[in-house]
Amino acid sequence: DVEETTAIDVTQTGEDRKARYTKRRDCQGLIGIPTGISGLDFMLKGFQKKQLITLIASTGVGKTWLECIVGAYMQRNNYRVLHFTTEMSEEQIIDRYDALQTAYYHSGFNYSRFTDGKLTPEEEANYFDYLENISPKLEKLIVDTAEGASGVSAKIDLYEPDIVMIDGAYLM
């Protein structure tokens, strides 16, 4: 009988630990995927593999916006983002990402006018430029409806994202 264990004999892992420290030194402590929020990156050292970050707050205070802001930043920095939604339509989430990315690449973009369909001619031109010329060059962003843990797991296997956002994980 073979007994498996996750125990680590630290007397045998010096090179691994040295390599981890060297990576932290070379990256100035930021060893995970940066969020674009300096205080958060300082505290978490970026989002790291095998980490579960959970945001809990009252309804309507901006959790989904924060996910979209962080996801948009990561997408601009060449990370594949998979964003699951349970409380909003895929189109609403995509609109938020479009607005954030358009505002990043073109200043003066108004989200309220965007959702009302009342962009100024300049804002509309900037939005269309983003869709036609910038968006296709960004790293992959997949927005989907979360349909249980097994569905989420299957989509992760399919798309192989660098980061997964699940809005409304309590419904999983």
Side-chain angles (χ1 to χ4, degrees), residues 30 32-44 46-49 51-172:
L30 185 63
I33 299 173
T35 66
I37 302 170
S38 59
L40 191 58
D41 285 338
F42 175 77
M43 296 297 293
L44 299 177
F47 287 176
Q48 299 171 44
K49 289 183 179 184
Q51 252 185 345
L52 173 65
I53 309 289
T54 305
L55 300 174
I56 300 173
S58 299
T59 302
V61 297
K63 298 180 299 293
T64 303
W65 270 112
L66 181 60
E67 289 174 350
C68 291
I69 289 166
V70 170
Y73 177 84
M74 291 175 173
Q75 183 191 23
R76 283 194 308 272
N77 286 279
N78 301 314
Y79 294 101
R80 292 178 313 277
V81 177
L82 176 55
H83 192 133
F84 288 103
T85 180
T86 58
E87 299 176 347
M88 301 174 78
S89 71
E90 292 91 345
E91 291 80 9
Q92 288 173 300
I93 299 293
I94 292 167
D95 282 350
R96 289 184 178 195
Y97 275 96
D98 282 352
L100 288 163
Q101 299 297 37
T102 302
Y104 176 80
Y105 289 103
H106 301 285
S107 62
F109 191 79
N110 185 289
Y111 181 72
S112 293
R113 285 195 297 269
F114 173 63
T115 57
D116 289 343
K118 298 179 180 179
L119 291 175
T120 66
E122 180 182 357
E123 288 171 329
E124 187 174 282
N126 289 341
Y127 176 55
F128 291 166
D129 176 63
Y130 163 74
L131 291 176
E132 295 165 9
N133 299 312
I134 299 169
S135 180
K137 296 175 186 172
L138 291 175
E139 192 56 65
K140 187 177 286 189
L141 165 67
I142 303 293
V143 177
D144 201 352
T145 300
E147 297 178 357
S150 61
V152 168
S153 180
K155 295 290 173 83
I156 291 170
D157 289 343
L158 177 65
Y159 295 116
E160 299 179 343
D162 296 304
I163 188 81
V164 178
M165 307 279 184
I166 303 176
D167 189 26
Y170 61 90
L171 297 174
M172 299 291 297

query = Which value, rounded to the nearest 0.5 Å, describes the distance between Lys49 atom NZ and Ile163 atom CD1?
reply = 12.0 Å

query = Any chance the side chains of Glu87 and Thr64 put a donor and an acceptor closer than 3.5 Å?
reply = no

message = Just by distance, no angles: are the side chains of Asn126 and Thr102 close enough, under 3.5 Å, to form a donor-acceptor pair?
response = no

ask   = How would you list all residue pairs meeting ring pair (Phe, Tyr, Trp, His ring centres under 6.0 Å) that involve residues 120-152, not counting sequence neighbours?
value = Phe114-Tyr127

Salt bridge (Lys or Arg N to Asp or Glu O under 4.0 Å) contacts touching residues 91-109 (sequence neighbours left out) = none

ask   = To the nearest 0.5 Å, what is the distance between CD (Gln48) and CG (Leu30)?
value = 8.5 Å

request  = Please name all residues satisfying side chain to side chain contact (heavy atoms under 4.5 Å, CB included) with Ile156, sequence neighbours left out, ordered by chain then number.
outcome  = Leu82, Val152, Pro161, Val164

Side-chain heavy-atom pair Leu100, Cys68 within 4.5 angstrom cut-off = yes

query = Considering only heavy atoms from C-beta outward, does the side chain of Glu90 approach that of Asp144 to under 4.5 Å?
reply = yes

query = Cation-pi between Arg80 and Tyr159: NZ/CZ under 6.0 Å from ring centre and within 45° of the ring axis?
reply = no

ask   = Which pairs, with at least one residue in residues 78-97 and sequence neighbours excluded, count as a ring pair (Phe, Tyr, Trp, His ring centres under 6.0 Å)?
value = His83-Tyr97

task = Quick one: closest heavy-atom pair of Gly71 and Val81, and the distance?
result = O-CG2, 3.5 Å

Contact list for residues 58-78, test ring pair (Phe, Tyr, Trp, His ring centres under 6.0 Å), sequence neighbours left out = Trp65-Tyr111

inquiry  = By the salt bridge (Lys or Arg N to Asp or Glu O under 4.0 Å) test, which pairs, at least two apart or in different chains, include something from residues 119-141?
reply    = Arg113-Glu123

message = Distance check, rounded to the nearest 0.5 Å: Lys63 atom NZ versus Ile56 atom CD1?
response = 9.5 Å

message = What I'd like to find out is whether the side chain of Ile33 reaches to under 4.5 Å of the side chain of Thr35, using heavy atoms alone.
response = no

task = Please tell me if the side chains of Thr145 and Thr86 come closer than 4.5 Å, counting only heavy atoms from C-beta onward.
result = no

note = Tested for side-chain contact (heavy atoms from CB on, under 4.5 Å) against Phe47, the lone hit among Asp41, Val70, Asp162 is Val70

request  = Measure the CD1-CD distance between Ile53 and Glu67 for me, rounded to the nearest 0.5 Å.
outcome  = 12.0 Å

key: Side-chain touch Leu141/Val143, heavy atoms, less than 4.5 angstrom   = yes

ask   = How close do Arg76 and Leu138 get, heavy atom to heavy atom, and via which atoms?
value = CA-CD2, 4.1 Å

query = Would a 4.5 Å heavy-atom cut-off, applied to side chains only, mark Ser89 and Thr85 as touching?
reply = no

